[in-house]
Amino acid sequence: MELDWYLGLSAVLFSIGVIGVLTRRNAIVILMCAELMLNAVNLTLVSLSAQMGDIHGQILVFFSLSVAAAEAAVGLAIIIAIYRNHLSVDITKINLLRW
Amino acid sequence: METFFFFFFATLSIAAAIAMITSRDTVNSALFLVVNLVAVAGIFLLLKAQFLAVVQVLVYAGAIMVLFLFVIMLLNLNSEERFFSEFRIKYGIAFILSVLMLSLLVYAVADATNTLPVLSPDSAHIGTVEALGDTLFVTYILPVLSTAILLTAAVVGALMLAQRKNSGKKES
């Protein structure tokens with residue numbers, strides 16, 4: 001397979017994640033779309049690493065995975081805290097920091 | 001054979017991603033994301049990154065998605081009503097922006113891949129546990145330990161954020 005196909009698939013997945021972040025109103029789904037985008041970037045790193053024969057791309061993916069795990073834990077804790085105050089995770093109803 | 005598996009996994013992952021952002025039920029979204037992550041793990045296998053494929057299934061599709069599903073079922077959310085009925089202009093603008101970004105990415109990819117060197121034959125075993133662990137625990141031992149600190153801080157921070165305060169303004 002050509003490298004272009006892998007990079008193109010990664011770009012498509014990233015764009016689907018962007019559409020999800022921009023259109024959905026549920027904060028949990030927005031976090032999941034962020035995970036989707038992180039995963040698309042991981043795919044780019046792995047395909048370029050395989051193409052160049054260089055292991056450092058896969059090392060970066062390893063660290064990206066652990067950062068994604070930390071981000072999911074903290075983000076879900078924030079969502080639980082918001083839900084306790086507002087009884088909703090709809091981001092159109094959460095306007096404390098909005099003008 | 002590789003082409004067949006690539007298109008199988010690529011179609012599966014794109015279909016699961018689209019189904020994830022269009023399904024109304026949050027639990028269905030999470031399950032479609034699991035399908036997407038497993039498909040991407042298959043593509044990692046095609047790229048001879050065996051260790052990362054296993055870690056992807058274990059950490060992403062296993063641990064992180066169980067966390068998401070646990071929170072979704074804990075909060076007992078209703079599915080979103082009026083998903084596409086209002087703010088059609090907003091959705092149109094979001095779609096146009098995303099398509100623009102996709103075309104930009106594809107343009108950059110198509111422009112840059114000609115400058116890469118051809119695949120070297122010794123790159124077939126860079127994704128094994130042995131090679132990755134060798135680099136990870138010799139060259140990158142300090143970042144690995146920093147990751148441990150980061151994960152500890154994240155767990156403590158998540159506990160601090162999510163615990164119920166007795167003197168809070170709202171008991172619910």
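Reminder, nothing fancy here: chain letters follow the sequence lines and each chain counts from 1.
A side-chain contact (heavy atoms from CB on, under 4.5 Å) with Val12(A) holds for exactly one of Leu102(B), Ile18(B), Val106(B); it is Leu102(B). Between Phe95(B) and the options Val18(A), Ile19(A), Leu22(A), a side-chain contact (heavy atoms from CB on, under 4.5 Å) holds for only Ile19(A).
Between Met20(B) and Leu36(A), the shortest heavy-atom contact is CE-CD2, 4.4 Å. The nearest pair of heavy atoms linking Ala73(A) to Leu67(B) is CA-CD2, 3.9 Å. Considering every non-hydrogen atom in both Phe14(A) and Leu105(B), the closest pair reads CD2-CD1, 4.3 Å. The two residues Leu52(B) and Gln58(A) come nearest to each other via the heavy atoms CD1-CB, 3.6 Å. Taking each heavy atom of Ile64(B) and Ala69(A) in turn, the nearest pair found is CD1-CA, 3.7 Å. Taking each heavy atom of Tyr83(A) and Leu75(B) in turn, the nearest pair found is OH-O, 2.9 Å.
For the options Leu104(B), Val55(B), Leu74(B), Leu33(B), heavy-atom pairs under 4.5 Å to chain A are most numerous at Leu33(B). Across Val21(A), Leu65(A), Thr44(A), the residue that shares the most heavy-atom pairs under 4.5 angstrom with chain B is Leu65(A). Comparing Val144(B), Val155(B), Leu97(B), Val59(B) by how many heavy-atom pairs each has under 4.5 Å with chain A, the most go to Val144(B). The most heavy-atom pairs under 4.5 Å with chain B, out of Val46(A), Val74(A), Ile80(A), come from Val46(A).
Checked by atom type, the side-chain pair Gln56(B)/Asn42(A) shows no donor-acceptor distance below 3.5 Å.
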Point to revise | Evaluation steps, side-chain contact (heavy atoms from CB on, under 4.5 Å), between Thr3(B) and Trp5(A) | key: CA-CA 10 Å; Thr3(B) 312; Trp5(A) 289 95; over 6 Å; no
Practice prompt. Before giving the answer on side-chain contact (heavy atoms from CB on, under 4.5 Å), spell out for Ile43(B) and Leu43(A) the whole-Å C-alpha distance, their side-chain angles and the decisive distance to 0.1 Å.
Written response: CA-CA 8 Å; Ile43(B) 290 179; Leu43(A) 180 58; 3.6 Å; yes
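In this structure, chain A has a heavy atom under 4.5 Å from the side chain of Phe51(B), while its backbone stays farther away. When heavy atoms are compared at a cutoff of 4.5 Å, Ala30(B) approaches chain A by way of both its backbone and its side chain. For a residue to count as touching a neighbouring chain, one of its non-hydrogen atoms must lie under 4.5 Å from one of that chain's; by this rule Met65(B) touches chain A with the side chain only. Of the two parts of Val99(B), neither the backbone nor the side chain holds a non-hydrogen atom closer than 4.5 Å to a non-hydrogen atom of chain A. Contacts of Ser29(B) with chain A are made by both backbone and side-chain atoms, with heavy-atom separations under 4.5 Å.
Taking CG of Leu69(B) as the start and CD1 of Ile28(A) as the end, the distance is 10.0 Å to the nearest 0.5 Å. Distance OH/Tyr60(B) to CD/Glu35(A): 4.5 Å, rounded to 0.5 Å. For the atom pair CD1 (Ile79(A)) and CD1 (Ile72(B)), the distance works out to 9.0 Å, reported to the nearest 0.5 Å. In this structure, Ser15(A) OG and Leu100(B) CG are separated by 10.0 Å, a value rounded to the nearest 0.5 Å. A distance of 5.0 Å separates CG of Leu136(B) from CZ of Phe63(A), quoted to the nearest 0.5 Å.
Aromatic ring centres of Phe62(A) and Tyr140(B) lie farther apart than the 6.0 Å criterion allows.
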